[in-house]
Amino acid sequence: MEERKRHIVYALILVLSLIILNSCTGQEKTKVKKLDIKAYLDLADKDTIYPTDKQLAMLKEIMPREAFQPAPKISNREYWKGIAETSSGKEYLSKALELLDKKPEVPITDSIYRLANKEGNRGIYKPRYYRTMDRLERFILAECLENEGRFLPQIKTYSKAIMSMKSWLHPNHDDDKNGVLEGRRISIDLGARKFGGVLALAENLLEDKLPKSLQDEIHKQLQRRITDSYLKSTKYLDENNKWIKSTSNWNSVCTSGTVLTTITSSESYEKRLATVGSALNSMAYYLSGFGDDGYCSEGLGYWGYGFGHYLYLAQILHDYTNGSIDLFIFNNAEKMENVGNFPEGFEIQKNVCSPFSDGVSSISRKGSNFADVLSAKHYGAIPPTEIRMEEAAEQLIAWQYPEMFQVVEKSKSSELPDHTYFNDFGMVISRGKQEIPFSVAFKAGHNAENHNHSDVGTYSLVLNDEIIAGDIGAPSYRAGSFSPDNKARSSWGHPVPMVNNTLQSNGIEFKGIITETDFSDQIDKVVMDILPAYELPMLKTLERTVTNNKSGKGTIIIEDHFVATEPVSFGSAIMTLNEYEIVDGKTVILKTANQQVKAEINGKEFEFHIKDEKVPVEHLREGGPAYKIGIEFTEPSVEGILTIKFTPIQ
């Protein structure tokens, strides 16, 4: 009962604080004039991200003249005392106290920076780099909660350490000549945007708790390293900040951090206006990376990271403009709802999803689930049963909107449909409905998708809650992981055909096309034309047919049919992270600790042989080792059919 009273008091304090906050910043609760984002985007210059004069005129009608206030300042003791009394406030402060004696782990020596850049070795740099940021932002909010000054020495020390760094980039995001480290240019990446956002919160929230000289230096560096770098790139797309026209998570993550920094810290109304205007133009590119059906080719992990930061940007611009800018709807409400509900549609069964591209294999992710929370609020997605946040910027929103971040004791759930078809990218999930369900996810796609693996035609087989065979997922991010020669990133490391020892080519024109679908209660059948993924002029037909017969224990068949104008060598593969036994020249048993699946191979009157080998990639996100069970016709042919039938052994 006492806890309930405290929450009521806290809610009242919060409402009063927000009223005062809006009054102080000139953001009075008047009738909201909505920005017509479709009309706004129609006025954009196709060659640059910087807003046109007509776009700026539209923004001036709804943008406040004052800077953004991300939360009440530390001097608003009623607000912060109310937060400090909540369970989340107490937990936040407790964790900050545990870290209070930790020293900043930056700056890191130039030699380590150069080594990390040369080798692509994230382990010698990134953990220390992020730990420093995470501690500083926790100290900042903890000081706001407590207001006793014991976090201030560390805040000063950490801030100075960060500002003494020559480069705020991950070293592997610098060029091979270390141009940012050497001071020849300034660029923003996934790390730099967070350094900027954290320092902007320190400058804004702590007021005169920080020395004037430190405030001035923070202000100066934020303008140079973030705001000015960003606006320069929006006008003239140079070697810096190329992500502003990207469809990947980089765009939303870097844009959200840049916008937070600029609208919070810049004294220039024109720069704040141009930054927001540029962000709207840039987000049109980011969202174009999703299918209208909501499909995210980057996979579920990057959906959470990228779309979570997009939703964070949507929230702060909504708050800053009193609801006039609505990125939750943007220019396509139906598409945004589909994107927000992507995780449920991407689930194969029992919280398992396919690790296509650089994705993850579980919808029960670690790290922040900010995207899930806001998707539940705005798009009717299933609300999470726990709240996980990784950044102070997210925590500030959670404290200002506590009702949105209430934990539900038991999440609502809906039965997954028999199949899901993301037709924009050509991705299908066919779900078995047996007591021990046997299902398959497979995709056509194209070979210019974000985090592309040259994997047109790839698939994942799932029995119960285990991936049995198929896509082995991404190589861990370390030296050589993004090399085109990395076999886990090419079609060699995927269960797709290889014709005349030729891999799939890269580019948007190298794709698969779903030409036929037949979905029923008992059998799902999909035919894909994957010929366009290969540069082989003698090849006239290359089709992959996937059939899921859901009767009995279930049977899933992968059938490849080729026709050529001259004899060609042909093969395919079973890829697995599990143990296996090659029983004979036509049978393989795939084994996990709990289950077994028989793979029966048929060459349709053609002889073939099986050759297994370990995938020569030591570090895979899904674990490992991974194995390629290669299947190849013994003689070249002008036509052939290769069939692999998978059946559970129970």
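Here the structure is a predicted model, which means the values were calculated and not measured.
Taking the six-membered ring where the residue is Trp, W303 and F342 present tilted rings, their angle falling between 30° and 60°. The aromatic rings of Y130 and H170 sit perpendicular, their planes meeting at an angle over 60°, well past the 30° parallel limit.
We find the CD1-CG distance between I610 and D612 to be 8.5 Å, quoted to the nearest 0.5 Å. Note that CD1 of I468 is 15.5 Å distant from OH of Y580, once rounded to the nearest 0.5 Å.
Ring-centre distance between H173 and W250: below the 6.0 Å cut-off. Aromatic ring centroids of F356 and H494 lie 6.0 Å or more apart.
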Could you walk me through whether K443 and D455 pass the salt bridge (charged side-chain N to carboxylate O under 4.0 Å, His left out) check? CA-CA 9 Å; K443 76 180 189 74; D455 58 356; 3.0 Å; yes
Derivation and outcome, salt bridge (charged side-chain N to carboxylate O under 4.0 Å, His left out), residues E581 and K591: CA-CA 8 Å; E581 176 188 356; K591 304 176 180 180; 3.2 Å; yes
V496/V456 under side chain to side chain contact (heavy atoms under 4.5 Å, CB included): CA gap, chis, key distance, verdict: CA-CA 7 Å; V496 299; V456 168; over 6 Å; no
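Between the side chains of N506 and S454, at least one donor N or O lies within less than 3.5 Å of an accepting N or O. Side-chain contact of T515 with D529: a donor-acceptor pair under 3.5 Å is absent, judged by distance alone. Between the side chains of S551 and N549, a donor-acceptor pair is found at a separation under 3.5 Å. With 3.5 Å as the limit, one finds a donor-acceptor pair spanning the side chains of T420 and R431. No side-chain donor from either of S357 and N450 sits under 3.5 Å from a side-chain acceptor of the other.
Listed by chain and residue number, E559, H561, K604, T643 satisfy the side chain to side chain contact (heavy atoms under 4.5 Å, CB included) test with I641 (two or more places apart in sequence, or in another chain).
In terms of heavy atoms, Y627 sits closest to K614 at CD2-CA, 3.7 Å. The two residues S354 and A441 make their nearest non-hydrogen contact at CB-CB, 4.2 Å. In this structure, F425 and G289 approach most closely via the heavy-atom pair CZ-O, 3.6 Å.
The environment of D584 atom CG is dense: over 12 non-hydrogen atoms of other residues, nucleotides or ligands sit within 6.0 angstrom.
With respect to E613 and K611, no salt bridge is recorded, no charged nitrogen being found less than 4.0 Å from a carboxylate O. In this structure, D524 pairs ionically with K550, as a charged nitrogen and a carboxylate oxygen lie closer than 4.0 Å. Salt bridge present: K645 and E600 bring a charged side-chain N and a carboxylate O closer than 4.0 Å.
Under the ring-ring contact (aromatic ring centres under 6.0 Å, His included) test applied with H378, the options Y401, F328, F307 reduce to a single match, F328.
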